[in-house]
Structure formats: structure tokens, C-alpha cells
There are 6 protein chains.
Amino acid sequence: MQINNHYIKQLLELALSEDIGIGDITSDAIIPKDRVATGIIISKDTGLVAGLEVVELLLSMVDSQLMLTPMLSDGNKIEPGVEIGKIYGPAKPMLQAERTALNFLRRLSGIATLTAKYVQAVADYPVKIIDTRKTTPGWRILEKYAVRVGGGYNHRFGLYDAVLIKDNHIALAGSITKAIEMARSQIPHTMKIEVETESIQQVAEALNAKADIIMLDNMALNKMKEAVKLVGGRVPIEASGNVRLETVKQIAATGVNLISVGALTHSAPALDISIDVIVE
Amino acid sequence: MQINNHYIKQLLELALSEDIGIGDITSDAIIPKDRVATGIIISKDTGLVAGLEVVELLLSMVDSQLMLTPMLSDGNKIEPGVEIGKIYGPAKPMLQAERTALNFLRRLSGIATLTAKYVQAVADYPVKIIDTRKTTPGWRILEKYAVRVGGGYNHRFGLYDAVLIKDNHIALAGSITKAIEMARSQIPHTMKIEVETESIQQVAEALNAKADIIMLDNMALNKMKEAVKLVGGRVPIEASGNVRLETVKQIAATGVNLISVGALTHSAPALDISIDVIVE
Amino acid sequence: MQINNHYIKQLLELALSEDIGIGDITSDAIIPKDRVATGIIISKDTGLVAGLEVVELLLSMVDSQLMLTPMLSDGNKIEPGVEIGKIYGPAKPMLQAERTALNFLRRLSGIATLTAKYVQAVADYPVKIIDTRKTTPGWRILEKYAVRVGGGYNHRFGLYDAVLIKDNHIALAGSITKAIEMARSQIPHTMKIEVETESIQQVAEALNAKADIIMLDNMALNKMKEAVKLVGGRVPIEASGNVRLETVKQIAATGVNLISVGALTHSAPALDISIDVIVE
Amino acid sequence: MQINNHYIKQLLELALSEDIGIGDITSDAIIPKDRVATGIIISKDTGLVAGLEVVELLLSMVDSQLMLTPMLSDGNKIEPGVEIGKIYGPAKPMLQAERTALNFLRRLSGIATLTAKYVQAVADYPVKIIDTRKTTPGWRILEKYAVRVGGGYNHRFGLYDAVLIKDNHIALAGSITKAIEMARSQIPHTMKIEVETESIQQVAEALNAKADIIMLDNMALNKMKEAVKLVGGRVPIEASGNVRLETVKQIAATGVNLISVGALTHSAPALDISIDVIVE
Amino acid sequence: MQINNHYIKQLLELALSEDIGIGDITSDAIIPKDRVATGIIISKDTGLVAGLEVVELLLSMVDSQLMLTPMLSDGNKIEPGVEIGKIYGPAKPMLQAERTALNFLRRLSGIATLTAKYVQAVADYPVKIIDTRKTTPGWRILEKYAVRVGGGYNHRFGLYDAVLIKDNHIALAGSITKAIEMARSQIPHTMKIEVETESIQQVAEALNAKADIIMLDNMALNKMKEAVKLVGGRVPIEASGNVRLETVKQIAATGVNLISVGALTHSAPALDISIDVIVE
Amino acid sequence: MQINNHYIKQLLELALSEDIGIGDITSDAIIPKDRVATGIIISKDTGLVAGLEVVELLLSMVDSQLMLTPMLSDGNKIEPGVEIGKIYGPAKPMLQAERTALNFLRRLSGIATLTAKYVQAVADYPVKIIDTRKTTPGWRILEKYAVRVGGGYNHRFGLYDAVLIKDNHIALAGSITKAIEMARSQIPHTMKIEVETESIQQVAEALNAKADIIMLDNMALNKMKEAVKLVGGRVPIEASGNVRLETVKQIAATGVNLISVGALTHSAPALDISIDVIVE
């Protein structure tokens with residue numbers, strides 16, 4: 001992940017401004033300016049940690065003297081009581097950054113943890129768990145990073161870095177074949193075309209029209225198997241649509257190459273992590 | 001909610017820029033500029049809808065000709081198949097805005113729905129369900145709005161609009177009494193002081209020192225009852241700490257006035273809502 | 001004051017960009033890049049100094065090598081000839097920052113000085129001098145800080161951190177009682193409600209309806225005394241409306257708890273302070 | 001004035017965000033969304049009005065439906081009771097914009113009014129009253145506009161649009177002559193050079209070195225007369241330094257062409273103007 | 001092209017602020033506010049027009065009443081005397097926008113025109129002329145659009161939307177094969193991998209390692225032919241390196257599929273276009 | 001040049017964000033985080049180098065550890081093989097910054113080089129080569145700096161720092177004399193007035209009306225000579241209009257003082273410069 005990124009900086013600045021506003025009234029009144037503190041980041045939950053670089057950047061934005069010494073790396077397993085890292089520096093800015101830092105760390109760790117569960121569930125199959133564009137607005141890069149930390153892979157990052165032909169595009173173009181032709185004639189040679197299909201017939205047409213990737217949208221398991229057979233490994237196949245932890249293994253068993261899971265980013269519960277601040 | 005707000009605008013601009021980037025490659029290649037479309041926002045889930053004004057603002061930011069006609073209002077109940085609103089306007093920008101609009105609507109509706117469950121669980125008691133600062137960074141105003149839509153109430157919005165004296169402040173000041181005095185002597189007369197307590201002794205001290213609100217931090221149920229009795233209605237009491245749907249009613253039964261629930265905003269699953277776009 | 005604040009940074013960036021534009025034509029032509037200088041900040045006036053941290057931040061924004069060594073602290077008394085601080089560093093950026101730094105320091109010191117005069121005028125009474133929202137647009141946080149430096153206190157910071165019910169709100173709600181009820185039912189429990197009253201009858205109603213603070217708007221002195229008597233110390237009372245240095249003591253004598261003075265921020269003359277730059 | 005200016009927009013956005021923050025809590029609770037109102041801008045003071053376009057822009061930024069119908073133009077005389085303009089539109093945004101709009105209008109009118117007093121004081125002489133860079137940071141363009149409204153003229157706008165050679169530049173260059181040569185050899189042919197002088201000898205040198213304008217810095221009246229005589233109308237002469245209303249006429253009588261007055265912008269008291277909002 | 005794009009808006013805002021600054025001094029002094037004008041955009045040169053949407057957006061940013069009626073579309077041929085479009089609206093903002101509008105239109109038309117010459121030069125071959133990342137910083141999207149207008153195609157838009165393995169990457173990974181493996185194992189399935197090669201041996205290795213595209217970097221013509229033969233149409237081949245109008249046809253004749261030309265964007269001379277403004 | 005300038009920073013931030021987007025996919029996959037590299041900036045072309053400070057600032061914005069050690073200064077002559085500077089630091093950010101740094105350096109060096117050719121062409125005459133407002137939008141300050149590096153001089157920077165009366169202004173004012181009077185009566189005393197003339201008659205009128213500078217717009221050589229004779233050195237004369245390298249000497253021979261050349265900035269080809277990155 002490119003932590004020095006204008007999207008990430010904008011989100012962090014927004015996060016700090018919405019929480020700090022005109023200032024931390026309580027600490028301004030009570031905490032002397034010269035007090036230093038140590039903050040120990042401790043897990044109270046079980047899963048994978050993700051987001052330590054974000055915490056580090058955030059701390060430096062609040063006060064350049066706040067230093068994070070990570071004791072783990074992103075992707076490491078955590079359980080209740082495990083120390084994740086230590087923060088040193090002036091007490092006032094540390095208390096100001098505490099909640100926002102945790103809000104980032106808990107959410108990203110939650111996503112990595114849920115992703116790992118899906119990855120584990122299909123460990124017996126040569127299939128990749130991938131994310132979607134169902135991310136929290138403003139968090140696209142961070143959440144897609146957390147998916148990678150959890151062992152998953154990324155789908156396209158936005159509307160701009162790959163072609164995904166959906167039902168509306170097909171209807172307007174007249175056919176899958178025409179839609180692919182229209183796209184191919186205009187896009188950079190560096191870009192791929194994925195087509196969303198809803199029937200075996202559409203899969204066949206996409207294949208003939210030289211789609212680079214074929215998505216099976218909400219297909220039944222037996223249809224998926226049929227599609228896999230038809231494609232015969234010529235292009236990657238993505239299964240998509242309301243995938244759940246309970247159903248993902250069956251889907252993997254159909255032989256698809258990629259399974260996209262919106263829940264990774266839109267419904268992962270936060271992991272419980274806290275910071276014990278000891279003011280000296 | 002003040003929809004015309006600089007925090008909200010910044011988040012929406014960030015959300016659009018991270019998704020659209022240099023442009024929607026697929027639609028640029030396939031959809032003629034003059035095509036118009038109708039988008040029907042349909043629920044596929046059960047709960048409360050929240051965020052329609054955000055969707056309206058977002059659509060107008062993508063293209064001033066995109067119009068939303070809501071068929072429901074925020075706070076209305078939805079179930080699978082219910083139509084929430086209709087979008088009219090040019091097809092290309094509608095398709096571009098679709099996913100981001102849903103990402104907002106689904107998340108905010110998810111929070112309103114979860115809040116309503118907590119509110120329902122304590123309906124027999126004169127207690128308010130309130131949120132915390134455990135919100136998604138960048139989303140503070142929107143998520144606190146969704147809590148209100150769900151029947152909950154807001155805690156302070158940030159570090160700047162109320163005093164909350166915690167263990168570190170108490171330790172540094174020397175006592176709860178001294179911490180309250182230090183704060184009271186500096187803050188605007190319009191501002192309240194809440195004190196976090198961990199024992200009945202601390203509750204008593206906070207009460208004597210004229211705290212405006214007393215928070216019971218992770219106290220056992222019987223301790224809470226004791227605190228309620230001691231305070232005797234002189235100031236509001238907030239129960240806090242790992243509140244769950246299964247435990248919230250028992251907490252309400254202790255007689256506290258407010259119960260704060262971090263999960264409302266950090267772990268609410270998104271509600272399933274989609275848009276059927278019909279290009280004409 | 002939270003000097004590392006997005007509002008303050010925006011104002012300082014705007015201030016520098018409007019003055020420096022494409023560059024300092026004169027110094028670019030004449031001053032060699034490697035010249036260093038010392039700048040001595042000297043008072044030519046009598047009052048209180050305020051704004052040294054702002055000057056320090058501003059200097060660092062122009063050039064990270066510009067260093068301020070304060071010889072006084074905010075709130076210290078100054079008179080003609082007193083040295084306030086010394087600036088060391090490269091000559092070109094020092095000359096560029098000079099005027100803007102002084103514009104901040106002079107204005108904030110002017111406000112602190114005027115505030116101190118009001119505070120001094122009511123020193124015999126247990127009353128607080130407070131500011132208003134009649135601040136210079138863009139300068140809210142800085143000017144409210146200068147009021148505190150002068151010994152005054154702050155009213156609410158904006159429309160967002162306290163409820164202030166005025167005549168229009170009362171008229172629309174139907175009565176003071178209803179307006180307070182409407183507000184109380186929606187706001188966070190951490191927030192107070194102040195009501196603006198224009199008659200003893202309104203004071204009585206506000207008191208009954210459990211307003212947290214009562215403002216007497218442009219009342220005559222004898223009315224104020226009557227209001228103070230009626231309230232009997234149950235809630236704080238704020239006197240408001242065209243308060244002047246000549247009248248403030250009489251108002252204090254009525255027994256009100258707070259006197260708000262718009263002139264502190266909208267009409268304080270700047271203090272005369274200059275910088276002697278010695279290029280080496 | 002170029003109202004559609006990025007400096008002005010930035011200041012207005014900052015002004016609104018610092019006052020409105022997350023929203024207007026009071027009006028959100030009490031004022032129905034569909035209420036409209038009329039606001040009458042009324043003078044309570046005597047002087048010149050300035051800033052109506054700023055008010056208009058500000059209103060439109062808060063809500064595009066807020067409309068200002070000016071009844072006067074900038075530069076018109078006002079006295080207590082005079083109606084300056086009317087605002088129509090939705091009540092909630094009108095109340096939100098009210099204080100900030102007045103803060104702009106009152107300050108700018110105060111500057112125009114004070115400028116007019118200086119201009120009036122020297123009406124018998126062919127001399128221009130001009131401003132300085134001692135403006136309120138963030139307000140440069142607006143305050144210089146208000147000076148023009150009051151009948152004054154502008155000095156340079158910043159460090160970038162004219163050369164002003166001061167003592168430090170002269171010392172570093174070696175002499176006035178060398179400083180002018182250095183500047184002339186580098187600047188655009190469209191740019192003028194003004195030299196700050198402290199003695200008749202320096203005036204003579206500046207004149208010989210073909211300075212475009214000569215500033216007399218804090219000179220005694222008889223010295224100024226001597227300088228005027230020496231220059232003999234070949235270049236404009238500016239008198240500068242602690243000019244006050246009581247002394248400005250004497251300075252004008254020396255025959256200088258321009259008198260710069262820092263107090264116009266750094267110490268003008270605000271004019272008393274209010275808005276009567278009538279919610280319908 | 002997505003004209004409503006945050007990159008484009010930022011560039012246009014920067015362009016206007018650097019030219020207009022505090023305002024158009026000349027027009028402010030001379031042109032009455034209510035004057036309207038017609039501006040006729042006329043070509044004085046021969047080539048292809050490009051950038052009309054940019055001009056339209058720019059005009060609307062200066063003043064919402066400025067209207068462009070295009071008489072041609074992007075990609076149309078122009079020659080001296082041809083009218084490209086008409087602008088109607090208030091005279092002052094039209095004169096302010098004139099130069100910046102032309103600076104955009106002239107540059108983009110210059111790029112489209114030069115691109116068309118390259119495309120024309122290879123018209124006999126089934127090869128695409130493509131651009132590079134050698135664009136004018138800040139102008140990436142606009143210049144790549146102009147290349148498309150001229151009949152060319154785009155290479156990747158930045159470092160983020162395709163993998164391009166260069167000599168440094170190969171050296172660090174150990175071999176082309178390893179570099180491709182490292183990239184393939186981490187990137188989204190929607191992304192392609194292009195490899196820069198400098199010898200036939202490298203071409204062979206890239207082909208075996210399943211590169212999606214092979215770039216021939218500065219190869220001699222006979223080497224290119226050899227590479228084309230070796231690849232045998234299995235993946236597209238891009239020729240790269242100091243391509244000039246004089247040499248491009250020979251390169252096309254080698255059978256490569258794509259020829260990238262940096263000069264399209266870094267050295268295209270502006271087309272001569274002007275606006276005749278008729279103030280009414 | 002004021003490198004620490006808000007215009008320049010905005011352009012550099014835009015340039016980096018458009019190229020890096022969400023990150024450098026290739027280097028992220030292949031280059032270890034701890035690798036350092038040396039980059040040698042080498043000329044492959046003949047001319048003048050310009051923009052080293054821009055490169056230095058850009059590198060520091062990508063990564064504070066990237067250090068540039070210039071081996072030449074702006075304005076130095078370069079030819080193929082000459083080393084311009086060395087970059088040290090982490091390999092990944094160096095590769096990310098490489099292309100954008102070169103895009104700046106190549107373009108600015110191209111402008112300086114072309115300017116030097118014009119300056120050389122008129123070396124026998126006491127005339128200055130000056131630029132115009134025909135700069136690349138977003139690049140005004142940088143390109144005008146490059147012109148100075150090449151030995152040229154700057155015309156006004158924008159619409160805000162000098163008056164330039166053109167045909168439309170004259171038509172609206174009624175005459176050159178009236179236009180000058182209108183401008184003179186409103187502008188700061190620090191500002192000059194230049195008048196665009198198309199005939200000897202207009203030159204005479206501008207001279208009588210005390211224009212500070214007279215521009216000859218597209219006049220024939222003999223008309224220019226006539227104008228020079230008429231003006232007799234009283235004010236500077238600028239020749240303007242489609243000046244080319246082939247014609248500039250003849251124009252200089254007419255005796256004009258300034259020759260403005262739009263091509264300096266709108267049509268200078270980039271200089272060929274590259275960076276050899278050696279990863280260690």
C-alpha cells in the first residue's frame with residue numbers, strides 16, 4: 001500500500017478535523033503541555049491486525065513527536081492480551097489521536113480478519129477470494145489493502161482501471177459481442193474486459209467475443225459448474241452474488257477461479273482493540 | 001442534519017474521486033451521451049431506511065440533472081421489494097453514481113436499523129440509547145444522524161463540544177474534584193462536564209464535585225443499581241462498556257438514564273438495497 | 001488553544017498566499033539567498049501580548065528554518081520598548097513573513113488588551129466577561145483565544161456547540177416552554193440550552209421550563225436586578241446588548257453572572273508592535 | 001472588486017465552516033424545513049455601507065434560494081433606521097447566515113466609514129488617502145475594496161505587484177542607487193519601484209536613481225515640505241507613519257501626493273448594523 | 001472524456017487563479033458591469049480542434065452566464081478563417097476568460113493535430129499510435145484525451161492502472177520470469193502486465209513467462225522484425241523510443257502492433273486560434 | 001523564484017496525484033521497501049537546464065528522504081552526456097517520482113533553451129525579449145521563471161499586476177485618452193498602464209495621454225521605426241505579434257525596447273533529459 005497517498009491523507013485529515021474540531025477541551029484544561037505518555041496498543045479480540053502504517057501516519061499528523069513502535073506487523077495473528085505496539089510522545093496529542101487511531105485499526109483489522117475466514121474456508125481449492133466496490137465511501141484504498149492483508153485479492157479499484165460490462169451495457173450495445181467490440185476499440189491496450197453473465201448462453205457468447213474475464217452473476221451451483229466446463233480454463237471465471245461464509249466452499253468446489261465477496265468490506269464487524277495510555 | 005456541510009461535502013467528493021478516478025471507462029465506451037434512464041431504489045432487506053438526502057446530494061454532485069424522487073422518508077420501515085425512491089436523468093452519470101450512492105444508503109440504513117433494535121429492546125424503560133465516538137473516520141456526522149433516525153440519541157460529537165473526564169485526566173489532576181474544578185474554571189458556561197467513574201466512591205465524588213453527567217464505565221449490574229440509588233436523579237447517569245443486544249435490557253433495568261453503544265456505528269452490517277437502472 | 005488546527009492552518013495559508021502571491025519581488029531582486037537575519041519583536045504600545053504561538057506557526061510555514069525565541073508569554077504585560085521575542089533565520093523569508101506576523105500579533109494583542117480593560121472594570125464583582133459570535137470571519141478560534149488571554153471567558157464557539165433560543169425560535173415554537181422542550185428532546189445530553197429573554201415574564205418562563213442559562217437581552221439595569229432576584233442563583237444569568245467600558249460596572253453590580261461584550265472582538269484597535277530586522 | 005475570486009471564496013468558506021460546524025443545533029430542533037422568512041438589513045449607526053456583494057455571495061453559499069435585494073449600493077450613506085436591503089428565502093439557512101453576513105458587512109462598512117473621514121479631512125488638498133499592508137490576514141482584497149468604497153486609494157496589494165525598497169534592502173545593496181539598479185534589472189517593465197526614505201539626502205538619491213515613487217517614512221512636517229520642494233513634481237511622494245485623523249490635514253498641507261494610513265484597516269471599529277428576521 | 005472530473009477541475013481552478021489573481025484591473029476600471037459581448041473563436045491555423053468541452057467548463061467557472069455555442073466538434077478539421085464556436089454573455093468575465101480558454105484550446109488542438117499526422121503516416125499498416133506518460137504535469141487526462149481526438153490511443157494513465165516491468169524491476173527480481181511472477185501473484189485479476197525488453201532473448205523470456213504485452217525498447221528495425229516473427233501474434237507488441245514523424249512508417253512496417261510516441265504530448269506546438277470579442 | 005509558493009505546490013500535488021493515483025502497482029510488487037538507489041540526471045540534448053529547484057521540491061514531496069545533489073545550476077549549458085545532478089534515497093519513491101520530475105525538467109529546460117535562442121538572435125541590440133500570458137495553464141510562475149533563466153524578461157504575470165488597455169477597452173471607453181484616464185483614476189499609484197496600439201496615430205494619442213508603455217500590435221517594420229522615432233525614448237515600446245526566430249532580429253533593428261514572444265512558452269519543444277536509476 002502506498003501510504004503517502006492523497007486519498008489517504010484526505011481521509012485522515014477529515015477524520016481528525018471532525019473529531020478534534022476547535023480542540024480537545026478536556027485535555028486542554030487538565031493536561032500540562034510538557035507531559036509525556038506511553039500508549040500500549042492491546043488486542044482484546046482474536047483475528048488479524050491491519051492498519052499499523054495508517055496509525056503511524058495519523059499519529060505523525062497530530063504531532064510530529066508521536067512515535068509508534070510496532071511489536072507486530074500487519075497480517076499477524078492477535079488474541080486478547082497481545083501487545084500490538086507502543087506509542088511514545090507528548091500526552092495531549094496522544095489522547096487526541098487515540099480514538100481515531102483505534103477507529104482505523106479496529107475496522108481494518110476487522111476486514112482482514114473476516115477475509116481470512118473466507119480464505120480459510122476455501123483453502124482446499126485453487127480459488128481466490130476477491131473484494132468488490134462495496135467499500136465504505138472514502139476508504140476504498142484502505143479497505144482493499146485490509147483484504148490483501150487477510151489473504152484476499154483485489155478486484156478493480158474503481159470505474160477507471162478495468163472494463164466491467166453489465167446488463168445495462170449489453171442492452172444498450174445490442175449484444176455482449178458488440179459491447180466488447182465497442183470497449184476494445186477505445187480502451188488502452190493495457191486494460192482488460194470483464195463481462196457479467198447470467199446464463200450459459202451469455203458465457204458462451206462472452207467467450208467467443210474474447211472477454212478477458214467472465215463473471216457469473218448470481219448463478220446456481222450447477223450452472224456455475226457448467227460454465228466452468230464450457231470455459232475450460234481459457235479465461236478466469238469470477239463467481240459473484242451474496243456469497244456467505246456458509247456457502248463459499250460449495251462455490252469454490254464448482255471450479256471457479258475467483259469468488260467476490262461484498263461482505264468483506266460492507267459488513268465486517270470491528271475487532272476489539274484498545275490503547276492503555278500511561279501518562280508519566 | 002445539515003446536509004450542506006463542509007464535512008459531508010468533503011467525504012462525498014473523496015468518495016466520488018476514489019471511485020470515478022479519470023472516468024468510467026466502460027460507460028464512456030458504450031453508453032451514448034444523450035441516453036436517459038430511470039433508477040428504482042429497491043430494498044432487499046428489512047429495517048429502516050436512512051440517508052436519502054445524502055443520496056440526493058451525491059447525485060447532484062455527479063450531474064446536476066440527476067433527480068431523486070423519494071418514495072419514503074428516512075426512518076421509514078422497509079422490507080424486501082419495497083421501492084424507496086426513483087432517480088431520473090442522464091444514464092451515464094447515473095451508472096457512475098449508482099454504487100457510491102448505494103454504499104452510503106446501505107451503511108446508514110444498517111446503522112439506523114441496528115439502533116432501532118437496541119431502542120426496541122429497552123422500550124419498557126425510560127432510558128436513551130446513545131452513540132459513541134467509535135464511528136467510521138470521516139463519517140461522524142452521517143453516522144450520528146443515522147443513530148437519530150433509528151430512534152437513538154447522540155453523545156458529544158467530538159473532543160470539542162463537551163468535557164469528558166477520564167481516568168488519565170483524573171490521575172493527572174489528582175482527583176475527580178480537582179479535575180472538575182480545572183475544567184469548570186476554563187470552559188464556556190454553555191458546556192457540560194461528564195465524568196467517567198469506575199466505583200461507587202468515584203460516583204459519590206463526582207456528584208459532590210457537581211459533575212453534570214456521570215458515566216459508569218464497565219460496571220456490574222448491581223454496582224449500577226447502587227450508583228443510580230446514590231445519585232437519586234440529581235444528574236443523568238450513562239452506562240458504558242461492551243453493551244450488547246442481549247444485555248441491554250438488564251442494563252436499562254438498573255435505572256440508568258443513558259446507555260451508550262459503540263456497536264451501533266462500528267459493527268452494524270449494511271442493509272441490502274439495490275438500484276434497478278432502466279436505460280431508455 | 002489547539003494551534004495545530006485545520007481552521008487556523010487554513011487562515012494562515014490564506015494570509016500568506018494573499019500577501020506573497022507569486023513572490024516577494026523586492027527581496028528576490030536584492031537579498032542574497034544565504035543571508036541570515038535577526039528580528040526583534042518590540043512593543044510600541046501598552047497592553048497584553050497575545051498570539052506568539054500563531055507567529056511561531058506562521059514563521060515555520062514560510063520557512064522551516066525560521067525560529068522564534070519568545071521572551072514573554074501570551075498574557076504578559078507590554079509597554080513601549082519591551083522586547084517580546086527574537087526571530088532567527090534566513091533573511092528573505094523573514095522579511096516576507098514580517099508584515100503578516102505583525103498583523104496577527106497586533107490584532108490578537110489588541111483584543112487581549114481590550115478584554116483586560118473590561119475584566120479590570122468589573123474586578124469588584126463575581127462576574128465573567130464573555131465574548132460573542134461577533135468575531136472577524138475566519139478568526140473565530142484565534143479571537144476567542146485572545147479573549148481568554150485577556151482574562152475573559154468564551155461563549156459558545158458557533159451554532160453547533162450549544163443551544164441558544166432567540167425570539168424567532170420562540171415565536172415559531174409558540175412559547176419558550178415549547179421551544180425548550182423541542183430542543184431538549186433532540187440534543188445530546190451533553191449540551192446546554194440558553195434562552196434569550198426580553199422581559200421578567202420570559203425569565204420566569206425560561207426558569208420554569210428548565211433552561212440551563214438565561215440571557216437578558218438589552219434589559220434596563222433595574223430589570224436586570226429584578227431578574228437576578230427572581231432566578232435566585234438557580235441558573236447562570238448573562239447580560240447582553242451594547243455593553244461599553246463606561247457601563248459595564250453598573251451592569252456587573254446588578255448581580256448577573258456573565259456579561260457578553262461584542263466589542264471585544266469587533267472593535268478592538270490593534271496594538272502597536274513592530275519587528276526590527278537586522279540582516280547580518 | 002472581483003467577487004468571484006478564489007481568495008474571497010476561501011475566506012467565506014472558512015467563515016461558514018467555523019460558525020456552522022456540524023450544524024445549527026437550535027434551528028434544526030425548532031424551525032420547520034419549509035418555513036420562509038424575510039430579513040431586513042437595518043443600520044443602527046452612521047457612516048457608509050460596504051460589502052453588499054459579499055453578503056450576497058455568502059447567502060448563496062449557505063443556500064442557493066437565499067436572495068438579497070439591496071436597497072442601497074456600496075458607498076451610500078447610512079444612518080440609524082435606514083434599510084440597507086432585504087433577504088428572502090428559507091428561514092433556517094437565513095438564520096444560519098445572519099451573524100456571519102453581519103460580521104462581514106459591519107467590518108467592511110466600518111473601514112469605508114473611517115476612510116471617508118480621512119478623505120474628508122484632506123478634502124482641501126490634491127492628495128490621495130491610501131491604505132497599507134496592515135490589513136486583517138485573510139481579508140486583504142475585501143478590506144482594500146472597502147477603502148476604495150470610502151473614497152480612498154490602494155497601495156500595492158502584496159509583496160508581488162510592486163517593488164518597495166526599505167532600509168534593509170538599501171543596507172544590503174549598499175545604497176539606494178544600487179538597490180534600484182538591482183531591482184530594475186530584473187523586474188517586468190510593467191512594474192514600478194518605490195523607495196522608502198528617511199532623510200532629504202535619501203530623497204535626493206532616490207530621485208537621481210529614477211525611483212518611480214518616493215516614500216517619506218515618519219518624517220517631520222518641515223522635512224516633508226523640503227522633500228516636496230526638492231522633488232518638484234517629478235515623481236509622486238507618499239507620506240507614511242502613524243498618521244491620525246488629527247494630524248492628516250497638516251500632512252496634506254505639505255504638498256505630498258499620497259498619505260498612507262494603516263489605521264484604515266487595522267483599527268476601524270465595526271459599524272452597527274443588524275438584520276430583523278421575520279419568519280412567516 | 002469525463003469533463004466533470006476532480007483532476008480537471010483542479011487544473012482549471014489553478015489556471016484561473018494564477019491569471020486573475022485579485023482581479024482584472026483593466027476591465028474593472030473600464031468595462032461597465034452590464035455590458036454583454038459576443039466572442040467568435042476563429043482558427044488561424046490548420047489542423048484538428050480539441051478541447052471545446054474544456055472551454056465550456058472554464059467559461060462556466062468564470063461566470064455561469066457565459067455560454068458557448070460550438071460550431072464544430074472536437075476532431076473536426078480547421079483551417080485559417082474557420083469559425084469554431086461563439087461565446088455569449090457578460091463582457092467582463094468573457095475578457096477575463098479569453099486568454100486562459102485559448103491557452104487550453106490551442107495546446108489541446110496542437111496535440112490532436114500532431115497525433116493525426118502520426119496516425120496518417122502509418123495509415124497503411126494495422127498499427128496503433130499511442131501516447132506515453134511524458135505529458136505536461138497536471139494535464140494527463142486532457143492531453144490523453146487530445147491524443148484520442150487525433151486518432152491515437154492511450155497507453156496506461158499512470159503508475160496505478162497497469163504493470164510495466166522495466167530494467168530496474170527485472171534486475172531486482174532476478175529475471176523477467178521472476179518479475180512477472182511477483183507481479184502476477186499480487187495484482188488484481190483485471191490488470192495486465194507489460195514487459196520492457198531490450199533483446200530478442202528478453203522477448204522470448206517475456207513470452208514464455210506469459211507477459212500480456214511486450215515492449216521493444218529502442219530496438220533497431222531488423223530486431224523489431226525478428227521480435228514480431230518470434231511472438232507470432234500471441235501478444236501485442238509495442239515499439240518505443242524516440243519515434244519521429246520521419247521514422248514512424250518504417251517502424252510500422254516491422255509489423256509491431258503499437259507505436260508509442262512521447263512527442264505527441266511533450267513537444268506538440270500550439271495551434272494558432274484566437275477569439276474576436278465584440279462588445280455590444 | 002519563490003519555490004515555496006502555493007501555486008507551485010498545487011501544481012506539483014496535482015501532477016503527483018494524476019500519475020501515482022492509488023499507487024505504483026509494479027514497484028509495490030517487485031521492489032523491496034528497504035532498497036536504496038542512485039539516480040543520475042543526464043542530458044541527451046543541447047541547451048540550458050532549468051527547473052532543478054522544482055525537481056528538488058517534487059522529490060521531497062514524494063519522500064522526505066529523497067535528496068538531490070545538483071551538479072549544475074539553472075541556466076548552465078548542457079549537451080548530450082552531461083550529468084546534471086544526482087538523486088539519492090529509497091528506490092521505490094525514486095522510481096515513482098522519476099517520470100514526473102523529468103516532465104518538469106524537460107519542459108522548463110526547453111523553454112529556457114528556446115528563450116536563449118531569441119536572446120542570442122538580438123544580442124546586437126539593446127532590446128529585451130519578454131514573454132506573454134500564452135503560458136501553459138497551471139504553469140504561469142514556472143514558465144515565466146524559465147524565460148528568465150534563458151535570459152529573457154517577464155511581461156505582467158496576470159490580469160492583476162498591470163493595466164493593459166486593448167482594442168475592446170478603447171472602444172468602450174471612447175478613446176485611448178479616456179481609457180487611460182479611467183484606469184489612472186482607479187488603480188494604485190504603484191501600477192503602470194500599457195496601451196496596445198495599431199497605428200501611428202494611436203501611438204501619438206497614447207503618448208499624449210501619458211501611457212507608461214506603448215505596445216505596437218502586429219505592426220509592419222517601417223511602422224515600428226516610425227513609432228520609435230515618434231516616441232523618442234520617452235516611454236518603452238513593446239513589439240508584439242507572431243514574432244519568430246527568423247524575424248526577431250529585424251524587429252530589434254527597428255529600435256523597439258521590448259519584443260514579446262508567445263512561442264517561448266506555448267511552443268517550446270521539451271529538452272531530452274533522462275535519469276539513470278541504479279538500484280543498489
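Convention: sequence-line order gives letters A, B, ...; per-chain numbering from 1.
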Distance check, rounded to the nearest 0.5 Å: [X] atom [atom1] versus [Y] atom [atom2]?
X	Y	atom1	atom2	result
M191(B)	D212(C)	CE	CG	13.0 Å
H155(C)	H189(B)	NE2	NE2	3.5 Å
D161(C)	F157(B)	CG	CZ	11.5 Å

Checklist line | Partner set under side-chain contact (heavy atoms from CB on, under 4.5 Å) for Q202(C), not counting sequence neighbours | finding: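 Counting only residues at least two positions away or on another chain, Q202(C) forms a side-chain contact (heavy atoms from CB on, under 4.5 Å) with I170(C), I176(C), T197(C), E198(C), S199(C).
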Notebook entry, point to check: How far apart are the closest heavy atoms of T190(B) and A162(C), and which atoms are they?
Noted result: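 It is CB-CB, 3.6 Å.
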Check: Checking I130(C) against chain B: side chain, backbone, both or neither under 4.5 Å from a heavy atom?
Finding: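 It is the side chain, since no backbone atom gets that close.
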Check: For K144(C), is it the side chain, the backbone, both or neither that has a heavy atom under 4.5 Å from a heavy atom of chain B?
Finding: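 The answer is neither part of K144(C).
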